[in-house]
Trainee: 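Below are the structure tokens for one structure; questions will follow.
A, B, ... follow the sequence lines: proteins, then strands. Residue 1 opens every chain.
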Amino acid sequence: MAYDHKKVEKKWQQYWQDHDSFKTTEDPNKKNYYALDMFPYPSGQGLHVGHPEGYTATDITARMKRMQGFNVLHPMGWDAFGLPAEQYALDTGHDPAEFTQENINNFKRQINSLGFSYDWDREINTTDPNFYKWTQWTFEQMYKKGLAYESEELVNWSPDLGTVVANEEVIDGKTERGGFPVYRKPMKQWMLKITAYADRLLDDLDLIDWPENVKDMQRNWIGRSEGAQITFDVADSDLKFDIFTTRPDTLFGVTYAVMSPEHKLVNQITTPAQNAMVDAYVKQAEMKSDLERTDLAKEKTGVFTGAYAINPATGERIPIWLSDYVLSSYGTGAIMAVPAHDTRDYEFAKKFGIDIQPVIEGGDISQAAYTGDGVHINSQFLDGLGKDEAIARMLDWLTDKGIGEKKVNYKMRDWLFSRQRYWGEPIPIIHWEDGTTGLVPEDQLPLKLPKMTDIKPSGTGESPLANDLDWVNVVDKNGRKGKRETNTMPQWAGSSWYYLRYVDPHNDAKLADYKKLQQWLPVDLYIGGAEHAVRHLLYVRFWHKFLYDIGVVPTVEPFQKLYNQGMVLGDNHEKMSKSKGNVVNPDDVVEEYGADTLRMYEMFMGPLDASIPWSEKGLAGSRRFLDRVWRLLVDDDDNLRADKLTDKVGGPLKKAYHQTVKTVTEDYEQLRFNVAISQLMVFINDAYKEDTLPRDYVEGFILLLAPIAPHMMEELWQKLGHDESLTYAPWPTYDPNALVDDQVDIVLQVNGKRRGVATVSRELGKDELEKIALTNENVEKFIAGKDVKKVIVVPGKIVNVVAK
RNA sequence: GCGGGCGUGGCGGAAUGGUAGACGCGCAAGAUUAAGGAUCUUGUGAGCAUUAUUGCUCAUGGAAGUUCGAAUCUUCUCGCCCGCACCA
């Protein structure tokens with residue numbers, strides 16, 4: 001009888017549920033291990049075969065750690081607020097809450113069908129008021145510290161979505177969701193002051209074990225740059241403006257200044273003669289979406305304001321231009337232009353015929369800007385100096401004169417935290433009629449999202465919540481009237497701290513108990529997709545550091561080790577998508593091959609972080625291996641092949657077994673599952689050649705394979721006579737002495753090429769090995785007629801004869 | 001343009017300075033004739049030589065280098081992927 005995956009998988013899933021097998025233990029005598037998945041957004045599509053790749057990796061780790069005697073926290077939950085559900089609800093007339101619940105039920109069914117060892121008592125859901133109470137609470141703490149503030153900002157407005165989106169949600173000038181154009185528009189919005197943590201977010205990357213590319217992306221996003229802020233006077237007026245530059249040493253080469261079209265001073269400095277042109281340029285810039293602005297970046301545009309500034313170094317008058325190559329959102333929104341030594345300024349100066357004044361030797365300014373290092377010229381007190389020295393000297397000079405100072409700037413901007421949509425956490429703020437703004441008192445949290453029938457975005461920049469007057473209008477105990485904030489939080493809010501709630505999910509009094517957090521944090525292993533490298537993972541680190549500062553969490557970083565699983569591609573090597581018709585549904589795989597096969601195949605495909613095409617043949621191969629394991633131990637009548645088992649240990653499988661325990665344990669630890677599986681296959685291939693199998697080895701093997709294929713291994717474990725689940729069976733150990741043979745193969749080389757092999761005693765010394773090599777028939781052939789210059793002997797491994 | 005990564009059989013991939021191609025897929029041969037994606041054993045980078053155990057040559061995108069020895073380290077170069085992109 002062939003292995004019946006449907007029966008066996010159902011049986012053990014039921015067993016685990018009935019026995020609370022995966023309930024988190026909190027034994028003070030054990031060490032703790034926190035294995036975390038990026039919780040999913042429960043979409044209407046259901047689980048994708050990409051989801052189980054990361055989930056299986058953490059599940060294997062969690063299962064191994066349990067067997068190794070750790071308390072293991074391995075939870076799952078739902079990132080259930082967000083645009084897609086709301087969009088779907090709008091399109092179909094569904095209630096997003098109901099629709100989301102259906103999706104969650106489906107996701108949970110699918111996840112359970114794959115045999116993941118989650119502790120469902122700790123399930124969380126970001127849309128549950130008992131959860132978002134603490135999202136709101138954290139927002140209030142930020143507000144009290146001045147880190148959550150309301151501000152008129154130039155924001156990314158998406159008319160198609162009817163909401164603003166954060167900078168991080170704009171990809172190539174379009175919204176991440178839907179790919180809609182984005183316009184810069186001034187709007188009053190809630191912001192979180194993530195920039196206050198810029199340096200710590202940057203520096204603490206050194207403390208964590210994350211992929212280098214993710215760290216680099218974060219460094220890049222934070223974009224710290226050191227330079228100077230310098231004040232320029234506007235000629236013939238009392239006005240001044242600041243610029244930021246990383247090259248204060250080139251101040252003598254400044255021949256003009258540029259302000260962004262949105263700069264505050266534009267109206268005040270523009271001369272009447274230039275007014276019409278400036279006006280037209282500013283309007284035009286306003287109309288363009290970000291995408292159009294960057295698309296047109298090939299050709300610089302700009303307009304002269306008619307005004308002049310004074311170069312503080314030379315005292316000369318320099319024209320002030322306007323151009324959208326200067327961004328209002330970076331630095332001071334104005335620059336000093338050094339066309340001789342900056343490629344952008346060079347292009348602009350060439351186009352508009354502005355003076356180009358070299359101040360560093362090297363390059364040819366008739367051809368291109370010279371941005372390299374060199375000796376300064378035409379720069380009075382900087383003449384003769386190199387770049388670094390000149391920068392230092394100039395900073396001193398600026399500071400002395402009181403017209404400039406050293407300054408650090410960041411590309412990262414504050415986090416736009418409000419959305420004009422319904423399906424999100426309400427921001428717990430009340431705007432009072434006397435013009436003040438206050439928090440919803442903590443004892444009134446959670447501030448629940450009201451049920452509404454019409455949740456269409458107004459399109460005017462107001463949230464649909466504004467229409468629910470019963471909810472919006474409030475009166476305090478003194479009769480003062482107020483209106484609730486109607487913007488909601490972005491989807492990233494709940495995911496910025498959810499991993500903390502798993503630690504203490506039912507706590508009514510606190511976000512989570514500090515002592516419990518001390519026991520579990522930081523998360524030991526966090527696995528998810530690379531698409532969250534900057535956004536989610538930067539927000540989380542910011543929230544965590546804030547919560548650390550106010551004494552809620554005990555660690556400065558949330559996730560000690562992060563790993564990005566790759567993508568599962570379609571069998572045509574392309575990203576799976578409905579339109580390409582290459583989507584594989586995990587339900588179908590579980591039905592046909594079983595969960596163990598799916599888990600095993602996804603781990604065997606290749607390295608966990610690689611993106612690899614799906615192969616039905618490969619999937620079948622994984623099933624074949626599991627069948628092979630089954631048949632090795634179970635006969636056609638579904639009975640254990642007891643006659644094959646022996647209580648003796650040792651024999652021909654001894655070395656292979658110990659090697660397997662060692663390799664598999666180490667490979668699991670390093671998430672090298674594909675290699676671990678190949679070693680398990682080697683052992684089974686060896687075992688097939690033997691008539692008898694030591695029972696110890698068979699049991700050890702079953703435990704090693706159990707994290708990957710838990711259902712079948714539980715069944716085999718039971719057949720071997722165990723009446724309890726193997727969940728807490730002790731992890732196999734190996735004897736290092738069993739790994740070394742008395743006899744080893746020594747490779748014999750001549751000039752680095754393999755010319756023979758000799759099987760000798762492991763302890764054989766250098767001299768004997770050299771002698772064996774030199775007397776080897778084939779080696780002799782290759783050194784005949786040559787001088788032996790040197791013989792390199794690596795005992796136990798190799799002998800290389802160098803002959804010329 | 002800048003930053004990061006990758007390039008190994010027909011395919012997915014092993015090997016992180018010491019026998020290149022573990023393991024799997026595919027393919028082939030043999031055994032077997034179980035009804036279902038069969039199973040078991042063996043072989044399988046290319047080429048040459050050999051009755052043969054076997055030996056030799058070439059081979060990790062390309063070129064050069066370091067080294068007794070390089071898929072692995074260095075430089076250049078080509079190609080692909082990811083991220084950022086007028087950030088002053």
Trainee: Can you find a side-chain donor-acceptor pair between N564(A) and D609(A) that sits under 3.5 Å?
Mentor: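 Judged by distance alone, the side chains do not pair up.
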Trainee: What contact category does K790(A) fall into here, base, sugar-phosphate, or nothing, at under 4.0 angstrom with non-hydrogen atoms?
Mentor: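 Sugar-phosphate, no base atom in range.
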Trainee: Check whether any side-chain heavy atom of V801(A) sits under 4.5 Å from a side-chain heavy atom of K790(A), and report yes or no.
Mentor: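 Sidechains of K790(A) and V801(A): no contact.
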Trainee: Rounding to an integer number of angstrom, what distance separates U16(B) and G21(B) when you compare their C1' atoms?
Mentor: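 That atom pair is separated by 16 Å.
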Trainee: Checking all strands, does S615(A) fall into the base, sugar-phosphate, or nothing category for heavy-atom contacts under 4.0 angstrom?
Mentor: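 Counting heavy atoms under 4.0 Å across all strands, no contact is made by S615(A).
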Trainee: Rounded to whole angstrom, note down the P distance from U53(B) over to U44(B).
Mentor: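 That atom pair is separated by 11 Å.
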Trainee: V326(A) side chain: which of A85(B), A88(B), U19(B) is closest?
Mentor: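 Taking heavy atoms from C-beta onward, the closest nucleotide is A88(B).
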Trainee: Could you check how far CD of E574(A) sits from C1' of C81(B), rounded to whole Å?
Mentor: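 These atoms are roughly 14 Å apart.
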Trainee: Answer yes or no: is there a donor N or O on one side and an acceptor on the other, between the side chain of H341(A) and the main chain of I360(A), under 3.5 Å?
Mentor: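 Between the backbone of I360(A) and the side chain of H341(A) there is a qualifying donor-acceptor contact (under 3.5 Å).
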Trainee: If the sugar-phosphate is the primed atoms plus P, OP1 and OP2 and the base is the rest, what is the B/S/- string for nucleotides 10-18 of chain B, using protein heavy atoms under 4.0 Å?
Mentor: --BSSS--B
Trainee: Using the C1' atom as the reference point in each nucleotide, state the distance between C25(B) and C73(B) in Å, no decimals.
Mentor: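 About 33 Å, rounded to a whole number of Å.
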Trainee: Starting from C1' on G36(B), measure out to CD on E592(A) and report it in whole angstrom.
Mentor: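 So the CD-C1' distance, E592(A) to G36(B), works out to 12 Å.
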Trainee: Using the C1' atoms only, state how far U57(B) lies from U67(B), rounded to an integer number of Å.
Mentor: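 That atom pair is separated by 23 Å.
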Trainee: Please give the distance between the C1' atoms of C82(B) and C27(B) as a whole number of Å.
Mentor: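 Rounded to whole Å, the distance is 35 Å.
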Trainee: Of M681(A) and Y410(A), whose closest RNA chain B nucleotide lies nearer the 5' terminus?
Mentor: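 Going by which nucleotide is closer to the 5' end, it is M681(A).
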Trainee: Salt bridge (Lys or Arg N to Asp or Glu O under 4.0 Å) with K655(A): which residues, sequence neighbours excluded?
Mentor: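 In terms of salt bridge (Lys or Arg N to Asp or Glu O under 4.0 Å), with neighbours along the sequence ignored, K655(A) is linked to D741(A).
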Trainee: Would you mind reading off the distance between D345(A) atom CG and A88(B) atom P, rounded to a whole angstrom?
Mentor: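 Taking CG of D345(A) and P of A88(B), I get 12 Å after rounding.
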Trainee: Using the P atom on both, measure A34(B) against G45(B) and round to a whole Å.
Mentor: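 It comes out at 35 Å once rounded to the nearest Å.
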Trainee: In this structure, are over 12 heavy atoms from other groups packed under 6.0 Å from K351(A) atom NZ?
Mentor: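 Yes, the 6.0 Å shell around NZ holds more than 12 heavy atoms from other groups.
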Trainee: Got F673(A) and L608(A) here, is their nearest side-chain heavy-atom distance under 4.5 Å?
Mentor: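 Heavy-atom side-chain distance check passes, below 4.5 Å.
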Trainee: With under 30° as parallel and over 60° as perpendicular, where do the rings of W415(A) and Y539(A) fit, or are they tilted in between?
Mentor: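 Ring orientation of W415(A) relative to Y539(A): parallel.
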Trainee: Ignoring hydrogens and angles, answer whether the base of C86(B) and the side-chain atoms of K300(A) contain a donor-acceptor pair closer than 3.5 Å.
Mentor: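 Indeed there is one.
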Trainee: Reading nucleotides 52-60 of chain B from the 5' end, what letters show protein touch, with B for base, S for backbone sugar-phosphate only, - for no heavy atom under 4.0 Å?
Mentor: ---SSSS--
Trainee: Quantified in whole Å, what is the C1' atom distance between nucleotide A59(B) and nucleotide A70(B)?
Mentor: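 Taking atom C1' in both A59(B) and A70(B), they lie 14 Å apart.
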Trainee: Going by heavy atoms in the side chains, are W221(A) and L538(A) under 4.5 Å from each other?
Mentor: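 Yes, side chains in contact.
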Trainee: When the P atoms of U74(B) and G13(B) are compared, how many Å lie between them, rounded to an integer?
Mentor: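 Each nucleotide's P atom is 23 Å from the other's.
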Trainee: Take atom CD of E616(A) and atom P of G26(B), then tell me their distance rounded to the nearest Å.
Mentor: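 After rounding, the reported distance stands at 12 Å.
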Trainee: What is the distance, rounded to the nearest whole Å, between atom CG of L774(A) and atom C1' of C68(B)?
Mentor: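 After rounding, the gap between these two atoms is 14 Å.
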Trainee: Would you mind classifying the nucleic acid contact of V682(A) as base, sugar-phosphate or nothing, using non-hydrogen atoms under 4.0 angstrom?
Mentor: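 Sugar-phosphate only.
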Trainee: Checking one value: the base orientation of G83(B), syn if chi is within 90 degrees of 0, otherwise anti.
Mentor: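 Because its glycosidic torsion lies more than 90° from 0, G83(B) adopts the anti conformation.
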Trainee: Taking the six-membered ring of Y593(A) as reference, does the cationic atom of R623(A) (NZ for Lys, CZ for Arg) lie under 6.0 Å from its centre and within 45° of its axis?
Mentor: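 The answer is no, since R623(A) fails at least one limit relative to Y593(A).
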Trainee: Go along nucleotides 39-46 of chain B 5' to 3' and tag each nucleotide: B for a protein heavy atom under 4.0 Å from its base, S when only backbone or sugar atoms are that close, - otherwise.
Mentor: SSSS----
Trainee: Dot-bracket for RNA chain B, 5' to 3', with Watson-Crick and G-U pairs under 3.5 Å, [ ] for crossing pairs and | for other-strand pairs: what is it?
Mentor: (((((((..(((.....[....)))((((((.......))))))(((((....)))))..(((((..]....))))))))))))....
Trainee: Quick one, K644(A) with E690(A), criterion salt bridge (charged side-chain N to carboxylate O under 4.0 Å, His left out). Give me CA distance, side-chain angles, the key distance, then yes/no.
Mentor: CA-CA 9 Å; K644(A) 276 194 95 165; E690(A) 303 301 327; over 6 Å; no
Trainee: Give a yes/no on whether any side-chain N or O of Y330(A) is located under 4.0 angstrom from OP1 or OP2 of A88(B).
Mentor: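 Yes, because at least one side-chain N or O of Y330(A) sits under 4.0 Å from OP1 or OP2 of A88(B).
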Trainee: Could you check whether S329(A) gets within reach of a base, just the sugar-phosphate, or nothing at all, counting any heavy atom under 4.0 Å?
Mentor: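 Nothing, no nucleic acid heavy atom in range.
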Trainee: Ignoring hydrogens and angles, state whether a donor on the side chain of Q679(A) or T660(A) is under 3.5 Å from an acceptor on the partner side chain.
Mentor: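 On atom types as modelled, these side chains qualify, holding a pair under 3.5 Å.
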Trainee: Find the distance R535(A):CZ to G83(B):P and express it as a whole number of Å.
Mentor: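 The answer, rounded to whole Å, is 10 Å.
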Trainee: Verify the distance criterion only: is there a donor paired with an acceptor across the side chains of E669(A) and T665(A) at less than 3.5 Å?
Mentor: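 No, because no side-chain N or O of E669(A) sits under 3.5 Å from a partner of the opposite role on T665(A).
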Trainee: Run the side-chain contact (heavy atoms from CB on, under 4.5 Å) test against F348(A) and tell me which residues pass, sequence neighbours left out.
Mentor: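 Expected list: Y256(A), K300(A), W321(A), S323(A), Y325(A), F352(A), I354(A).
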Trainee: Using distance alone, with no hydrogens and no angle criterion, decide if T56(A) and Y601(A) have a side-chain donor and acceptor under 3.5 Å apart.
Mentor: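 Y601(A) and T56(A) do not have a side-chain donor-acceptor pair below 3.5 Å.
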Trainee: May I have the step-by-step check of salt bridge (charged side-chain N to carboxylate O under 4.0 Å, His left out) for R219(A) and D216(A), ending in yes or no?
Mentor: CA-CA 5 Å; R219(A) 288 189 189 110; D216(A) 260 1; 3.0 Å; yes
Trainee: Starting from P on A22(B), measure out to CZ on F683(A) and report it in whole angstrom.
Mentor: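 So the CZ-P distance, F683(A) to A22(B), works out to 21 Å.
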Trainee: If I take atom CG in residue L205(A) and atom C1' in nucleotide G4(B), what distance separates them, rounded to the nearest angstrom?
Mentor: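 One finds 15 Å between C1' of G4(B) and CG of L205(A), rounded.
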Trainee: Mapping D342(A) and G618(A) onto RNA chain B by nearest heavy atom, which one lands closer to the 5' end?
Mentor: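 Looking at the nearest nucleotide for each, G618(A) comes out on the 5' side.
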Trainee: Is the distance between the ring centroids of F701(A) and F683(A) under 6.0 Å?
Mentor: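 That pair passes the under 6.0 Å test.
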